[in-house]
Structure formats: C-alpha cells, structure tokens
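To start, the structure under review is shown below, and the notes come after it.
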Amino acid sequence: MDPEAVHALVQELFVADGPVDRPVRIASLVAFQGDHRTLTERDLPRIAAALIEVEAEPRPAHPALTDPLTDPVTDPLTDALARTLHALGTVDLDDVRAVRLGPEAFARHLAVAAPDADEGLNAADARTHARLREAVCAHILRFLVLRSRFVAAAEDAAFEERYAQDIVAAHDHLTIYGIDLAHSPDSWPLDAAYLSLQTETDGGGGPGAPVEQAPAEQALAGRERVLLWGVAGAGKTTLVQRLAVSVARGDLPAPLEGLRGRVPFVLPVRRFRHDSNHDRHGRNNDNGNPNTNHSNPNTNHNSHNNPNHNPNSNHNGFPEPDAFLSAVRYPHAAAQPPGWAERVLSDGRGLLLVDGVDEAPEDERERLREALRELPTRYPGNVWLVTSRPSAVRQNWLASERLTELKLSPLSREGVTAFIRRWHAAARQDITDRADLARLSGYEETLLDPVRITRDLGRLATNPLMCGLLCALHRDRRGYLPRGRKALYDAALSMLLERRDRERARQSPDGIDLPQEPKIRLLQKLAHWMLVNGRSEMDRATAVETLARHLPAIPHAARQGGPEEIYRHLLNRTGLLREPTPGSVDFVHRTFQDYLSARAVVERHDFDFLIDHAHLDDWEEVIRMSVALARPDECGYLLEGLLAARKDTRPIHARHRKLLAASCLEHATELDPEVRSRVHRYTRDLVRPTSLEAARALGWIGPIVPEMLPDPSGVSDEEAHRLAVTATSIADDRAIDYLVRLRDRTSWAVRAQLAGAWRRYDTDRYADEIIAHLDARELDFPVSDLGELRALRRLGGRPCVQVAGALTPEQLTEGLVAERLTELWLAYDLGEGPDLGWLAAFPHLHTLRLSHRNAEVTGVPEGLQVIVAGP
C-alpha cells in the first residue's frame, strides 16, 4: 500500500475550497455534487478500482470480467466500494463529528448510509469490502484533519487529553527494590517514592566559579535546553518520569510553572533502533543462525498499515515528530491526529525528554547529535532535556547548541538519610503488625550510622538505586549488609529471585517453581543477547526464542514449561524484567543487565570477547564487573589484554583501554602483584593530564586514581591545578590523603578547587584536613548544607562565604561568624521578592553577590553593595 497514492485518491473525492474555521458538513465537501463539482458519479468506480488496487490483497478476477462470451460488467467489489463512496454525499455528519467517531464508527455510519452496497457480493468479497471501507475511512478522516485548522484543533485537544492520561498511567510509579518482599505492591506512586534530586554545574565561569548545587526542579527552571549527566542509578529516568507526569497532570512545583500547558514526549533512545538481527559490528546474534528473524510482527514501525508512518521516521538516528509515539511504541500511536506532533512542536508547546544517549551505539551517537542540533533549531520554543551517562558523551557535547550541561550529584549524606527515611516510610504503609513495625523502625535507625561511617557502604550509597538495594538487603537480612559491589549484587539477586515468593508466603500462581540458579542462568542468556547485539531492550518474540534455544540445557526449567511459560514466569516472578511497552522486554535497571552479562561472559571464559569491545564505553561496567567475578588468573589475562598494544586500535581507544584497566583494579579481589604493577606503570603517564578537560574526564576511573597521580610537590602551579581537578573528581575519602599535599599552595586556582570540592567528602574530616589549612585571601569558602555551615563556624568562620545550598536566613544568621564575614555570595535562587533585612546582623559585610535575578530585592541594609548576575 502506498499511503501517498491513497491520499491523492481521497483528495479527488472532495473539493479544494470551503471554510476551514468552523465545522463543515461532509456532504457539502464531496466533489461529485454541488456547484463546485470536479467529479461526476461515473468517476467513482474508477477511484474505487484504484483504491482496491493499492489497498486490497490480490484476489481472483470476477468471472464476468474474464469470460470473453459475456458482456463487460463492473467488478462487484468495485461497484460496492463506489456505492459506499457515493454515500459520502448523504451523510449528516460534519467534519469534526466524523473525526471524533474514528475510522471504525465512521465506516459503520457509511454502511448504514449505503445499505445495498454489499448486494451481489460473495462472503469473501463482503469481508474485503468491510475492511476496505474502514481503511478508506481512516484516510478520509486524515484528509479532513489536514484540511481544516478547526478540525485539527478540536481533534488535537481531544487526543491530548487522552495522551496526558496515558502518560500518567505509564509513568506515575516507581519500583522500590525490596519493599515488595512481604505483602506490598511491586511499585509505588511516584509522589510517595520520589526523592528530589540535586544537580550541580562544573563552575563554567572559570577557576573558582561556584559549583552551583540546586534541586533538579530549580536547576531546570527557565532553561529550554539541558544536557543532564548522571551515572547508572543516579535517577535520570526517574527525573524524566517525574517531569512527564507533573506536566501531564498540570501539577507542577513552583519552579517549573513555566512548563504548564506543554505536551511531554518521553523518548527513550534505546527504543529508536529496530534492527535486532545484527549487532552494531555486523555480526549475527549469538544463536549463530543468520536466518533468524527477531523482528516483532506486532510492531507497527515502518508498517504500511500505519497511517501515521513517516518515511523519514529515523532521520539522523532520531524519529521525526509524527513518528515520536510509534518509535517509543505508545500503544495508541495510530490514534494521534495526522500532523499533531508537528503542530505541537511548531507552536513551541513541546517538552522533549530524550532519555539515555548512552544507550545509542557509539557509532550512531554523532548522527543523534546532529539531530539534536537540527530539531531544536527547526522547532524553536520547545523545552529539551537530554540525559546520558557521563562516559558516553564528552563535555560540551552540545554546548554549541546552547544546551546547559548539568550533572546529577551523588546523594549527599543528608540525601542518603532522606532516602533511607523515605524508603522505610513507604515500606511501613502496608504493615499493620506492631512487632513488624517496631522491627522495621529499628532497622531504619541501625542502617543510618553504618552507611554514614563505613567507607565501603558509603561508596555504594551514592545514588537512589544503590540506596534502595542497601535498605532492602538490610531489612531482608535482619541488619546484615554485604560489603562491596559483587557481594551487593549477589545478595540482591538472592533476595529478588529466591526469597521473594517465600517471603510472600504463597505458591507461584503459574505453577512453576524454579530455584535461584536456573533463573539466573536464563536471565543471563537474555542479558548476554542484549550485550552481543548492543541493546538494552529486546522484542518479546526474541526473548522467547532465546529461552527456547537454551532451555534444553537447563532440564530443571525445561521440565516445568515451554519457553513461553518460562518467559512469563521470569517476567512476573523475578522482579528483574519488565515489559516497558507491548511486545518488548528489558531489565528493570541497566546495572542488573550489565551484572548478568558479566556473569555470562565469565562463565563462558570469553575474555577475548570483552577485550575486543573494551573501546566501547557501554561495555565499561560489564568489564569492571567481570573483573569482580573472575578468578585471579582470569583477571590477570583480562587486564593484560586491555594493556596490550594492537595494530588495529586507534590511539584514543588504546588510551581508553589502559584507563579502563586502571579502573578495574579496585574490583579485583585477588590479583598478581606483577599485573597490578604493570597497570600502574602503563597508566601512570595517562593520569597526568595536560588540560583541564582531560583532568575532569579522569573521574570515571574511580578511587584508584589518587594512587596513580604524580607527587605534586615539585610541579608548577598550573599542573598542580590540573592534578587538583583530577583528584577532586574522585568522590572517595581516599582522595583527601592526596589533596592534603596540595593544601599549602598559594595559587588561587588550586585553593579554589580544593575549597569547591568540600561537599564530596566527609564534612568534618575535610574541614579539619583541607579547609582549615587553606589561605583565605580572596577565596570564597563554599557551604552547601547545614553540616558544612556548622563545620565552618567551628573553624572560626571565613571572611568570604559562598552559599550554594538553600539554607534559611535563620540558619545563616546563626551559622555564619558575624565578626568575620565581609563578603557573602548567595549562589541559589532566593525566590520572588526576598527580604534581605536579616543581613543587618553582619556589621562588617560590605558586598553581597546574587547568582539569580530576583523580581525585587527588599530590605537591603544601607551601604551594602549588591552585585547581581544571571542564572
């Protein structure tokens, strides 16, 4: 079927003129009657025949048309469709009412208007006529929408109301890991589970510029284009859900009032790719069968039966607007009015939430980048939020397109405490037994201190995902917590796979009872398929087919059901899989996919496979987890392979592989000292950055970096600044030992870098070992929370203080040392019309700097100089 050919034939049925600013009767628009006719009724069989040719399946010709001894007659099916088209001139509907009926109901209306159309048709042709009537009606309604602005507006409003409801239904819930072990639901309302995330900038104003920290909602306010970085589990997708649901409901926090009335488009990048037969390197998938078709027959992408299909739906790796909904498999994509998304964007009403640039293959990201440059220019006035893991895109990746770059902060100690409190509050909602409530409250209190003071646990509890796992495991194991990443994931798998149904005290409703190990093996097969094919989502049919190939080797599972039954069991009973859209499946979080992929690779001893793909950033976590899972000799082989020079490796990839080897060291439980020494030797020069951008980029390597940095005692101030940037990019208290060797530098840039990193480390230790020793001349000392404010007061205060967290006037009046304060920098949004009269408490304060414009500042003490900068 050629949609353009059908559209042209439908256009012939109607006159070109007529009002477009009010409803119009369809009968007055047909082109074969009235004063402006361009057709006669004798043209209808010709148009009907042409529609049948492009719409209908091939069918045997009618005998009267093939027998030379009979008089030529009209094909009965053509005659039937022509009579149906003629009934357009008698319908009593206007264009708005017809469009709102939809193709099926409008086709029934035409059938009533032409009751004799089916006379003389055999049963097969009658069925074909009914199908043709509905298909043609769909195109007629599309024509009516495109023809009239009035119809489009009316139809758009009706669709947007339904679309908003669907957005809320799809995204207004979160899984809180481990809460569902007893008798609780698997997911929780977004409002109950959501923890406001913090963002930070990188001090783009130059050395010493504030690392501005703010709640995500506040940081996004007023910005039309944002690239948001965050590590796995940091909450990027959760923030996307929160924004989409808030806008769809019209229930917006005060900073985001500017988004009211916008239409949210949730666009996960992983759904833009549809070719699952080959991976990005041209290999067949891991079943070894080049003839296997993994496409989903139920997916309507690029389908001729989809009237909204746009031939440019994957332009530059990004769908065109009218293909947004079908690209992400929105179940009612076919119901969107023709041209609706284009109109939304042309009017500047869109909120485009492009989630997970890192989930696009590396060789496709440049095309994706071009699309993200071109589309905002083509459709100005829309709001764009693009998310990615930091390692997938370089700094300033889209800076030329005026995208502000923000980073999701690791959870602060206060954030971790708030999350633990919120998690346990949610867990208490469905508990009625007093003893259970008391135990849970006890677990809550006994968890807070270990997470704060135990280094290994503190390093894990840096994002909502890990905090949720720690809460769940602490409860599940009655106060015992595993140490280290491998132990954490092993315990999490045990909790989710083995103990889930037992804790719920019920039999599996599907009658399948699988121990933990077979379930892990089967889940590994799915994760490994995604790894090999460069995917983080797979078609349901592909998942079932993958299980079918491997079930014979796992007899305990094969005895209990076929691949379809086992798939449903894994989906419904493990808590690790979900179907984000009809016909597709993914893991509830990418980190579980990476961990299970690593298990599969290590069990297959496929370390050369890892080495061959080590230059791809989306394999980093799999390789690090493989080191944690492998035996000592396997670790040595893998790390040596990452260090080895290869003739076909580009220099930038060779450097990446060596740095990746360094980042793996902390995960190796046991390793030949010679191998560890070689990793240090090969990478020592690489962690001596020659630019600030390179210095910032080394943070992903992890806590091993301070061990590898050179002795800073004999370097220039310029290099010392770069070393400080690298060391402070490591959010691990081990970095403090290295930073101590830089604290006595007189260079303002070095001192400012050290002062600005305070919030990443233990507050009191950093205050005593770093802040207390920094020369205070011309240096703004940052304060981002109440703990830092109190620590700075304990040190006697400082003359110049930069407040980067939203502390209250009362807290600042009590916490700042009035006798010493001369300059104050408020680097957060004060809200509308703040009263600054409280600053009179500081007699020596002569300069106030504000980082956000406010409508009106009142109560400024006399003689105080106020410097205001834009956000």
Would you find more than 12 non-hydrogen atoms of other residues, nucleotides or ligands less than 6.0 Å from Tyr682 atom OH?
no

What pair of heavy atoms forms the shortest contact from [X] to [Y], and how long is it?
X: Lys486; Y: Ala628; result: CD-O, 3.2 Å
X: Cys635; Y: Leu671; result: CB-CD1, 3.9 Å
X: Lys236; Y: Ser388; result: CD-O, 3.6 Å

Hey, are [X] and [Y] close enough for a salt bridge, meaning a charged N less than 4.0 Å from a carboxylate O?
X: Glu719; Y: Arg688; value: yes
X: Asp737; Y: Arg765; value: yes
X: Arg678; Y: Asp672; value: no
X: Asp785; Y: Arg759; value: no

Step-by-step side-chain contact (heavy atoms from CB on, under 4.5 Å) determination, His613 to Val622
CA-CA 10 Å; His613 295 82; Val622 176; over 6 Å; no

Please determine, by modelled atom types, if Tyr766 and Asp733 share a side-chain donor-acceptor pair under 3.5 angstrom.
no

Quiz question: by atom type and distance under 3.5 Å, do the side chains of Arg624 and Ser663 form a donor-acceptor pair?
yes

State whether the side chain of Ser677 and the backbone N or O of Pro673 hold a donor-acceptor pair below 3.5 Å, judged by distance alone.
no

Indicate yes or no: at least one non-hydrogen side-chain atom of Leu227 is less than 4.5 angstrom from one of Leu406.
no

Taking the six-membered ring for Trp, is the centroid-to-centroid distance between Tyr595 and Tyr489 below 6.0 Å?
yes

Please check if the distance between the ring centroids of Phe609 and Trp619 is under 6.0 Å.
yes

With side-chain contact (heavy atoms from CB on, under 4.5 Å) as the criterion, how do Leu239 and Thr387 come out once you've worked through the C-alpha distance, each side chain's angles and the decisive distance to 0.1 Å?
CA-CA 10 Å; Leu239 178 58; Thr387 77; over 6 Å; no

